[in-house]
Amino acid sequence: MSIDGDYDPDNIFAKILRGDVPSVRVFEDEHIFAFMDVFPQAKGHTLVIAKYSQARNLLDVEPEILQPLILGVQRVAHAVRSALKPDGLVVTQFNGAAAGQTVFHLHFHIIPRWEGVALGRHAGGQMADVSELTQLAEQISAMIS
Ligand code: AMP
C-alpha cells in the first residue's frame, strides 16, 4: 500500500469502529476511540484512532480531525503513564507500507517502555491474551482524566 490511495472502508479499524470486529476498548469520546493493540510491542500498547475520518495517514487527515485526535493521544498517554508507571513512552505513527504501516486508517501507537525491556516486533509479534488486555484496559481507563 502506497502512501497515497483510497480509504478502504473494510480495513480492520473501520470494522472495529462499526463493531463488526471485537476490540478491547480503553476509552472513547465523540472524536476518538482508544483500544489495546492485540499484537503489543510492550505491556499496555494502546492505539488511538479518529472515529469519523477516512484519513489513511497523517498526510491526508483533515486539521479539524487531527486536533482532537492528537489531544486524545496526549490524554490517553497520560492515563497509560499513570496506570502502568513506565520509565518512558513511545508515540509512533507510520505513513505508507514502506514506513511500516500495516493498517490504513490513521492511528497513533502509545507504547510504554521500561529500562532494560526490549521492544517487541511491530505488527507481527505474539497475539496477546484478551483477559490480560482487558485488565490493562481497565487500569488505563480508570486513569483517564
Ligand atoms: P501500523 O502497522 O502502524 O499500521 O499499526 C497497526 C497496528 O494494529 C499493529 O500494531 C497491529 O498489531 C495492530 N492490530 C492489527 N489488527 C488489530 C486488531 N484487530 N485489534 C487491535 N490491534 C490490531
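From a predicted model like this one, the values you see are computed outputs, not experimental measurements. First listed ligand is number 1; within each ligand, the first listed atom is number 1. Starting from 1, each residue takes its place in the sequence as its number.
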Seminar exercise, completed: Contacts of E132 meeting salt bridge (Lys or Arg N to Asp or Glu O under 4.0 Å) (sequence neighbours excluded), chain-then-number -> none
For this session: State which residues pass ring pair (Phe, Tyr, Trp, His ring centres under 6.0 Å) with H78; sequence neighbours excluded, sorted by chain then number.
Result: none
For this session: Taking only Lys NZ, Arg NE, NH1 and NH2, and the carboxylate oxygens of Asp or Glu, determine whether R18 and D10 approach each other closer than 4.0 Å.
Result: yes
Could you pull out all donor-acceptor pairs under 3.5 Å where a side-chain atom in residues 133-145 meets a protein atom, sequence neighbours excluded?
unit_1, atom_1, unit_2, atom_2, d
T134, OG1, V130, O, 2.7
S141, OG, V26, O, 3.2

Problem set entry | Verdict with reasoning, D6 to F104, per side chain to side chain contact (heavy atoms under 4.5 Å, CB included) | CA-CA 9 Å; D6 294 330; F104 294 85; over 6 Å; no
Seminar exercise, completed: Sorted by chain and residue number, the residues having a heavy atom closer than 4.0 Å to an atom of ligand 1 are I12, F13, I16, F35, M36, D37, V38, F39, L47, F94, G100, Q101, T102, V103, H107, H109, H122, A123
Seminar exercise, completed: Smallest heavy-atom separation, I16 atom then P22 atom, equals CG1-O, 4.1 Å
